[in-house]
Amino acid sequence: MREILELLEKDSTLSHTTLATMTGRSVAEVSAQVEAWEKAGVIRRYKAVVDWEKVDGADATEVTAFIDVAVTPARGVGFDDVAERLSRFAEVRSCYLVSGGHDLRCTVVGPNIRAVSDFVSRKLSTIDRVQATATHFVLKTHKQDGDSFTDPEPDHRLPVTP
Amino acid sequence: MKALNTTISETPPSGIRRFFDIAAEMEDVISLGVGEPDFVTPWRIREAGIYALEHGYTTYTSNAGLAELRQLICAQLAERYAAEYAWDTECLITTGVSEGLDLALRVLLNPGDEVIVPEPCYVAYEPCVAFAGGTPVRVPTRWEDGFAVDPAVVEAAITPRTKAILIGSPANPTGAVQPRAALEGLVRLAEKHDLYLVSDEIYDRLTYDGTHTCLGAVPGARERTVVLGGFSKAQAMTGWRVGWICAPQAVAELCVRVHQYTMLCAPHVSQLAAIEALREADGDVEDMVADYDRRRRVFVKGLREIGLDCPEPGGAFYAFPSIRSSGLDSETFAERLLKAESVAVVPGNVFGPSGEGHIRCSYATALPQLEEALVRIDRFLTGL
């Protein structure tokens with residue numbers, strides 16, 4: 001059954017019929033299992049991987065930044081309350097507690113550099129116990145979540161071979 | 001001008017060539033005619049090849065090939081299939097199974113020796129026997145039997161001149177995996193009639209319904225069997241041209257002798273990449289095999305749904321459906337399908353007379369293309 005999750009993680013458009021054929025199970029069995037996963041929150045949702053540069057052009061694409069945040073931990077909650085507060089902003093696409101020089105690493109997205117900078121200086125830095133931030137703007141995406149954003153390698157095979 | 005070599009002049013060009021020429025001219029062709037993986041060589045292997053080039057590994061190696069590579073091959077044969085070969089005296093590295101086959105046949109055959117070749121089979125088997133001075137003797141297999149070799153049929157073809165039996169399993173073009181009983185039957189025949197066995201096991205890792213049987217590990221086979229293997233299919237390394245022979249010492253030594261005078265050695269960079277493939281790329285191989293298996297299930301089911309009987313291919317990456325219900329012969333079917341729907345397949349008869357009434361479809365093709373090909377073949381069948 002793990003195989004079905006791995007397949008859906010790569011391509012969530014696969015139909016239950018195809019999944020059933022691929023894994024040698026009945027369609028009913030696959031449908032019931034997928035539904036159970038959806039209910040249990042194992043499958044949280046389905047989404048597409050979009051290369052926005054191809055849609056909007058490189059100049060018009062929204063800006064992504066990795067923001068490292070140093071936080072003073074508090075008794076009882078550690079970093080959790082600050083992390084949760086940060087995560088509630090729609091601009092914050094991901095938020096991790098990490099080891100190293102800072103405590104939280106966030107991915108923040110905005111329409112342009114100014115908007116991201118404003119978000120950092122006005123919202124993020126002003127949260128209680130946030131001591132310092134370091135902002136790294138993304139200049140180019142080569143690979144994201146296992147998907148390469150460069151052009152696929154051409155098929156060099158001859159059309160008919162023995 | 002004096003006549004050129006008679007044997008070679010009289011060997012017809014591969015029947016695949018004609019379809020290549022037609023398909024190469026067309027646009028928007030979905031090719032199911034490709035006998036190689038659609039995966040590019042896994043990056044870690046390519047990276048090892050690049051490293052080897054950067055660091056100047058551009059020289060010859062020893063004739064038999066890099067010791068480390070031969071050690072790894074023999075260790076894995078022992079571990080996977082309980083086939084025991086001494087890496088230093090019974091194993092050599094070739095430029096693919098193609099060279100391995102040529103070497104084995106040249107070493108085994110004297111002029112006029114007969115080699116029994118169950119068909120349908122890979123297109124090079126019969127010509128390679130002929131080029132080595134032997135006479136190929138075809139033995140049919142039937143799709144009703146899943147193309148399993150019937151030892152009784154093979155025995156009926158044995159004459160005092162018979163020297164060897166040449167078999168490929170899992171097979172190109174049928175995808176058939178020989179049942180262990182059939183292989184054991186061939187070994188009994190070989191013992192009874194004092195024959196050699198040449199076993200092309202290039203698709204050994206691509207088996208989907210159970211594990212592969214290495215012919216060299218079947219009791220009684222070892223002393224009379226030449227096992228051929230390589231990296232082209234499972235590791236997606238066709239263009240690197242690297243394979244191996246494992247055989248009893250007397251045979252292996254003579255194979256090295258021909259190889260040292262003709263090929264000298266397999267490409268150094270390819271051998272280093274092959275070492276990386278065996279050391280580090282098992283996970284990549286398993287992922288690719290799992291992917292082929294899923295496509296196989298979808299494609300074979302699809303063929304059956306559009307009315308083409310298809311024996312279950314247990315290995316390699318080919319389906320070999322029957323097209324008899326169309327009323328067309330293989331050649332006509334393939335040509336008309338290509339022209340009408342731009343789907344390239346290989347007519348089954350190019351692999352031997354028992355392949356007539358079939359087409360070879362490679363499912364080493366991305367799933368959306370396989371699904372589109374099924375739609376087109378269905379439309380073609382409906383329009384007949």
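Here is how names work: the chains are called A, B, and so on, in the same order as the sequence lines, proteins then strands, and each is numbered from 1. The shown structure was predicted, so the numbers you read here are calculated from the model rather than taken from an experiment.
Contact residues of residues 337-348 of chain B toward chain A are Ala344(B), Val346(B) (heavy-atom distance under 4.5 Å). Below 4.5 Å, heavy atoms of chain B meet heavy atoms from Thr17(A), Thr18(A), Thr21(A), Met22(A), Thr23(A), Gly24(A), all part of residues 16-53 of chain A.
The number of heavy-atom neighbours closer than 6.0 Å to CZ of Arg18(B), taken from other residues, nucleotides and ligands shown, is above 12. Within 6.0 Å of CD on Glu9(A) lie no more than 12 heavy atoms contributed by other residues, nucleotides or ligands. By the neighbour-count criterion of 12 heavy atoms within 6.0 Å, atom CZ of Arg46(B) is densely surrounded, having more than that number from other residues, nucleotides or ligands. Atom CD of Glu25(B) has 12 or fewer heavy atoms from other residues, nucleotides or ligands within 6.0 Å.
Considering every non-hydrogen atom in both Val34(B) and Pro159(A), the closest pair reads CG2-O, 3.2 Å.
Here CG of Asp11(A) is found 8.5 Å from CG of Leu367(B). Values are rounded to the nearest 0.5 Å. Here the straight-line distance linking atom CD of Glu3(A) with atom CG of Asp293(B) works out to 8.0 Å at 0.5 Å rounding. For the atom pair CZ (Phe39(B)) and CD (Glu153(A)), the distance works out to 13.0 Å, reported to the nearest 0.5 Å.
With sequence neighbours excluded, the residues satisfying side chain to side chain donor-acceptor pair (under 3.5 Å) with Thr238(B) are Glu36(B).
Residues Pro162(A) and Val123(B) form a side-chain contact, since some pair of their non-hydrogen atoms from C-beta on lies under 4.5 Å apart. Between Phe20(B) and Thr161(A), the closest side-chain pair of non-hydrogen atoms is not below 4.5 Å.
For residues 358-377 of chain B, every residue pair satisfying the ring-ring contact (aromatic ring centres under 6.0 Å, His included) rule, not counting sequence neighbours, is listed here: Trp143(B)-His358(B), Phe147(B)-His358(B), Phe320(B)-His358(B).
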